[in-house]
Protein chains: 2
Amino acid sequence: MAKARRGAERREDALSRERIVDAAIELLDEGEHGLTFRALATRLVTGPGAIYWHIASKSELLVAAGDAVVARALDEVPASATPDEAIRRIAVGVFEAIDAHPWVGAQLSRAPWPEATLQIFERIGRQVQALGVPGRAHFTSASTLVSYIIGVSVQNAAQGRLFDPSVDRADFLAAESVRWKKLDAQAYPFTRKVAAQLREHDDRDEFLAGIDLLLAGVAASL
Amino acid sequence: MAKARRGAERREDALSRERIVDAAIELLDEGEHGLTFRALATRLVTGPGAIYWHIASKSELLVAAGDAVVARALDEVPASATPDEAIRRIAVGVFEAIDAHPWVGAQLSRAPWPEATLQIFERIGRQVQALGVPGRAHFTSASTLVSYIIGVSVQNAAQGRLFDPSVDRADFLAAESVRWKKLDAQAYPFTRKVAAQLREHDDRDEFLAGIDLLLAGVAASL
DNA sequence: ACCTGAACACCGTTCAAGT
DNA sequence: ACCTGAACACCGTTCAAGT
């Protein structure tokens with residue numbers, strides 16, 4: 001797929017919304033601040049103005065990129081025998097997608113809800129229904145789960161990335177643990193005391209433990 | 001407190017980190033994109049360069065502004081008789097602070113944790129201890145609660161603001177409800193079905209219901 | 001219809017020069 | 001020590017002009 005780029009030739013690899021969104025995802029994955037219209041134009045072998053023929057603004061581009069990543073992640077969630085297990089798998093799918101693409105988090109939190117958030121809500125909601133939750137509580141149960149899933153996933157992704165090899169997670173936690181131990185004894189007695197535990201915990205496990213608590217709460221209200 | 005601003009006079013209202021942070025909070029509250037060094041300099045009756053004598057970067061300024069808002073919010077959390085109730089009040093304090101200053105959310109999610117996040121963790125942690133949670137589970141219980149509190153508060157604040165009079169929350173929800181009802185019937189059966197419930201729910205109540213579920217989970221592990 | 005790239009109106013940040 | 005404001009190296013976005 002070599003690119004034609006000399007003067008008068010007609011490019012056979014025409015720009016399209018999809019190609020622009022894919023290139024934007026690449027740039028965002030290379031670094032939170034990697035997406036600029038100039039960098040995007042360079043990668044697509046065109047000028048910055050060309051992009052505006054297909055996309056209205058950077059904001060719209062970010063939303064579209066987030067939608068694409070989440071849609072692919074949800075497509076890959078395996079089928080489950082029980083609604084409980086299905087909810088756990090959807091949750092993990094979203095958690096890992098945001099962990100791998102931390103910039104996605106900010107897009108999911110927008111109002112009005114972008115396609116991606118609506119998709120997550122719909123998928124979770126169907127399982128809530130399957131769980132036998134009474135009709136009146138459908139919205140509340142689903143939205144509590146979705147808020148937790150997105151909120152905690154965003155929190156996690158902001159802390160450091162499981163999949164980014166350039167940041168050594170263990171080293172970061174070790175340094176943080178040392179920092180915690182040096183905090184003021186009067187102001188931070190608790191934090192100092194648990195500093196050592198910071199290095200042992202597993203974010204994904206804790207995320208799932210929270211999901212299980214919420215599911216237990218939902219089950220108790222049946 | 002009129003300001004001296006003529007040529008050679010020495011200003012008696014000298015710049016300071018604190019005055020700069022307070023002005024930054026004002027600008028951020030006036031609009032997510034209201035904080036620029038030029039606008040800040042104008043408000044402080046100086047040039048943009050002067051600010052850099054006191055603050056290293058915009059990033060540091062944002063963190064400092066978030067720390068200040070959270071510190072004030074935590075100071076106002078009333079005392080409680082029981083650890084459960086104390087956790088609920090800290091949670092609501094953070095929820096309302098982020099709701100009133102939505103830009104704070106992004107600052108709390110940074111790594112390494114800013115002062116504000118550390119403060120929330122410390123306050124929650126002490127109550128977890130008071131609850132009688134065994135030492136080994138201190139970190140996990142506290143961090144699960146903190147992730148939920150910050151994560152869901154940020155999610156909520158991004159949706160619309162309880163305290164901002166310029167956005168009518170009820171109107172927004174009504175419009176969203178209509179949008180949901182028009183979604184594709186094949187792709188969004190659940191979302192369409194619960195569209196009406198969107199208008200009745202109370203974000204703060206659901207936030208607290210989630211806290212109670214987590215507290216019940218913690219209690220079950222005692 | 002689609003693309004090009006210069007131009008506009010901004011940014012955060014730096015720094016020589018002032019007091 | 002602290003402040004000033006011009007200057008630098010960028011941005012997102014627009015738009016006349018091309019094919």
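Letters go in sequence order (proteins before strands), and every chain restarts at 1.
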Within residues 104-112 of chain A, those residues having any heavy atom closer than 4.0 Å to DNA chain D are none
Query raised in the report: When you look at CD of B/Glu18, are more than 12 heavy atoms from neighbouring residues, nucleotides or ligands closer to it than 6.0 Å?
Result: no
Contacts of A/Arg88 meeting salt bridge (charged side-chain N to carboxylate O under 4.0 Å, His left out) (sequence neighbours excluded), chain-then-number -> A/Asp84, A/Glu85, A/Asp212
Taken in chain and number order and not counting sequence neighbours, the residues that satisfy salt bridge (charged side-chain N to carboxylate O under 4.0 Å, His left out) with A/Glu115 are none
A/Trp180 meets the ring pair (Phe, Tyr, Trp, His ring centres under 6.0 Å) criterion, sequence neighbours left out, with B/Trp113, B/Phe121
Nucleotides 5-12 of chain D: which of its N/O atoms have a protein N/O under 3.5 Å away?
unit_1	atom_1	unit_2	atom_2	d
D/dG5	O6	B/Gly49	N	3.3
D/dC11	N4	A/Arg38	NH2	3.3
D/dG12	OP1	A/Lys58	NZ	2.7
D/dG12	OP2	A/Phe37	N	3.0
D/dG12	N7	A/Arg38	NH1	2.8
D/dG12	O6	A/Arg38	NH2	2.6

Whole-Å distance, B/Leu40 CG to C/dT13 P, equals 12 Å
Per the 3.5 Å Watson-Crick/G-U criterion and a run length of at least three, the stems involving DNA chain C are C:4-8 with D:12-16, C:12-16 with D:4-8
Here the ring pair (Phe, Tyr, Trp, His ring centres under 6.0 Å) pairs for residues 41-76 of chain A, sequence neighbours left out, are A/Phe37-A/Tyr52
Contacts satisfying salt bridge (charged side-chain N to carboxylate O under 4.0 Å, His left out) that involve residues 53-65 of chain A (not counting sequence neighbours) are A/Arg17-A/Glu60
The ring pair (Phe, Tyr, Trp, His ring centres under 6.0 Å) partners of B/His138 (sequence neighbours excluded) come to A/Phe190
Determine: side-chain N/O of B/Trp53 to OP1/OP2 of D/dC3, distance under 4.0 Å, yes or no.
no
Which pairs would a plain distance check flag for residues 145-153 of chain B, meaning a side-chain donor or acceptor within less than 3.5 Å of a matching protein atom at least two apart in sequence or in another chain?
unit_1	atom_1	unit_2	atom_2	d
B/Ser147	OG	B/Ser143	O	3.1
B/Tyr148	OH	B/Phe207	O	2.9
B/Ser153	OG	B/Ile149	O	2.6

Hits for side-chain hydrogen bond (donor to acceptor under 3.5 Å, both in side chains) against A/Ser59, two or more places apart or cross-chain, chain-then-number order -> A/Arg110
By salt bridge (charged side-chain N to carboxylate O under 4.0 Å, His left out), A/Glu176 pairs with (sequence neighbours left out) A/Arg179
